[in-house]
Amino acid sequence: MGMAAEDERAASPKDEEWPEAEKAEKLARGAALKWASGVFYRPEKLEGLGQYRSRETQRNSSIQSRLKSTVQSYLEGGLQQMRALMAEHVQLASVVQVLPQLFSVHEVFSHILQLLHGQHLLEAHAELMMMEHLRDDILSQLQLRGLASAQATVLSYFGGLQELNESLAKQLWDIVGSSLRLVRDDPVLFVTAVRIIEREEKIDDTLLLEATFLPPGRPKSWRQKFYHILQKTIIGAHFHAACMDTEGPGLSRHLAALQKDIVSELRVVKDLMVQCVPAHYNILSVCTATYHQALTSHLQDILREDLDKQALFLLLEWALRVYHSPEMMGHPDLLPEVDVSALGPLLSPELTDQTERKYVVKVKASVLEWMQRTLEVEFKEWFREEEPETDHQGFFQSALPIIVMQMLNENIQVASLITDSLQQKVYNMALEELEAFLGRLRDALVRCGKEHQKDRTVPKYYISYLLATLNNNLALSSSVSSLHPDTACREVPASLRAALDRTQKKACQLLLEELLLDLQPLCLQLPSRKWLSGSQLVGSMCEVIDKYAKDFSRVRKPVFTLLLTESELLVASQYLRALMQKKMVCKSEEERDQLCDRLLQDATQLRELFGGLGLERSQQSLEAIFALRELICLKDPALLSLEVLSFITKYPDISDEHVCTLLDLRGDVSKEVRHMVLEMMAQHPQVLPESYRPIFSTILVPAPELPFCLRKGKCA
């Protein structure tokens, strides 16, 4: 009883705390006593005691296990709060541990600032990285532990980091902005800046690779900023001129300065800067591409202005020739490392073509103005009181063809310094302008001719200057083929050949009109009785012709021969026209014979004159007078049909009216014979050969006179 009471006293506190345990213990004790008493009263059951012990041991273990489980489940509710408090205690403890470091942050910041002011950039950056690492480490721990409120507190301590970073960055970018000067004078600062940039790049790469936690301000991307600042510095130093002179001299100086500076700076990059940066920076390629791209934009900006001819030429020459030459990007000091061939042209093919066309327009305006001035001077020369100048052979000439061809040739040659395409454009323009100039020259000849018609004494040397114009035209014609850049393709365009031909014809026409004016008074005396009786009319005509032939000899042979041929045709046609004016009809056979003799004498005299001047008989139109004489001399009018047939075969441009007029001149042709001749002509229509020189088609026959009756007279 005493032990039981003691056990009860010992268990009383637990009973109060664990009533279920007390109840279970009582039940267990009662069951055990009951079983034990049964065993002791029946000794035969003592043999099973070992089995009982084993069974009870297992039962006891099971009970203990259930008790533990019950107790643990009971305790879980109160321990969860304790765990939360414990975790918070641990987290606060970790923050408390770094408080001394946080308290020292401002002191470190002040030291970093002092280092920056003293340009001890590497030391300053090392401490800056240490501070960033400390901040990032603390923030990372707090993030893992879920203490967002603590992060804000920590960040407040490190707020000065951003300002220090900006201060360091400003110094770095100032150094990079002065890099071309620094690598020449003192590369230490530049190398320091590059080392710091590379440190930051490694940190960026590491953080981006892990991608678990990205601190504030990351990635800094300072290497890209390095490139940006370097490129911005290059562009700002050379390509942002606010008011650039785009006139020829000013632009020339600007381009020359660019050429000098770019070569000099690329030489510094190649020889010095490359050694100050890691190889993967490709600094020379980056700088080369920067200059190239900046120049491309810069030239495009300049081309937006209204540039004059000289400025356009300078830009084209500089972009297409100088830029790639040994004086610039092909400089021996830059090769072979500098290669702009892969960067494309400074001016695109489209912009080059557009600029070339602008240049050609400007050149065209200049050429037009110059040619107009030249023509005005030439026109005034025609009215001088002295003959034109002559060459060493005595041919009249002026400076006009030399001036014109030299001007055109110089522009073509200048264009050849740029590109073949520009040269071809200028060449085409030159031919167009020369053709237009010839048109204006013809107009000037016409104006001069009209002035001369008013007063044949003005200009005093009208014929001489017309001959000089013909020689000039020959000079232009022979020189124009030399303008073509390609010696294998020097064919003169058909339109220009036609313009030259028209100019020559106009001058020849004016000369022949002069000859005609002097011949007409003589031709008006044909035919007449006085003429038949042996007048010196044709002799006077020969004197006029000979005088003009002497003038014509002052023009070069091709045109002299042409003038001689045209003069002969003019004389022949005027002679025939005079015969066909119906001024005279032969009244007898004797008069017809007299007419035939006169025709023979006149034609022979004229033929000999032109033959003596160098015109072959086969080239002469005077043969028509001999053929016409045969029609007049024919004794039997009945044979006129055959004679006329022979005549129209030689001169297919003769008309019925012409033949009738010639028959009337005979004075003995009946209506029947006339009808028979006309019938024969109708049956034998003629076709003009291509090489035939018309003579009769230019002669107008007077209309037949109509019968006119007086009121009291008798109609004829």
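Nothing fancy with the numbering, it's 1 onward along the sequence.
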Report yes if the distance between the aromatic ring centroids of H298 and Y291 is under 6.0 Å, otherwise no.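 Centroid separation for H298 and Y291: 6.0 Å or greater.
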Flag the pair F396 / Y461 as yes when their ring centroid distance falls below 6.0 Å, and as no otherwise.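 No; Y461 has its ring centre 6.0 Å or more from that of F396.
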Between [atom1] of [X] and [atom2] of [Y], what distance do you get to the nearest 0.5 Å?
| X | Y | atom1 | atom2 | result |
| --- | --- | --- | --- | --- |
| L519 | I545 | CG | CD1 | 5.5 Å |
| S540 | D518 | OG | CG | 12.0 Å |
| L628 | L622 | CG | CG | 12.0 Å |
| T355 | L307 | OG1 | CG | 8.5 Å |
| R321 | M328 | CZ | CE | 15.5 Å |

Side chain of N411, backbone of V360: donor and acceptor closer than 3.5 Å?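 Here the side-chain-to-backbone pair does not exist.
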Counting distance only, does the side-chain N/O of H292 pair as donor-acceptor with the main-chain N or O of L343 below 3.5 Å?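 Yes; at least one donor-acceptor contact below 3.5 Å.
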Just by distance, with hydrogens left out, do [X] and [Y] show a side-chain donor and acceptor under 3.5 Å apart?
| X | Y | value |
| --- | --- | --- |
| R607 | Q620 | no |
| E350 | Q354 | no |
| H658 | T661 | no |

Run the side chain to side chain contact (heavy atoms under 4.5 Å, CB included) check on V414 and V363 step by step: do they pass? CA-CA 11 Å; V414 166; V363 173; over 6 Å; no
So, R447 and D443, do they make that salt bridge, N to O below 4.0 Å? no
Using the side-chain contact (heavy atoms from CB on, under 4.5 Å) rule, pick out the option among I463, L466, L515 that qualifies with D551.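 Checked I463, L466, L515 against D551; only one passes side-chain contact (heavy atoms from CB on, under 4.5 Å): I463.
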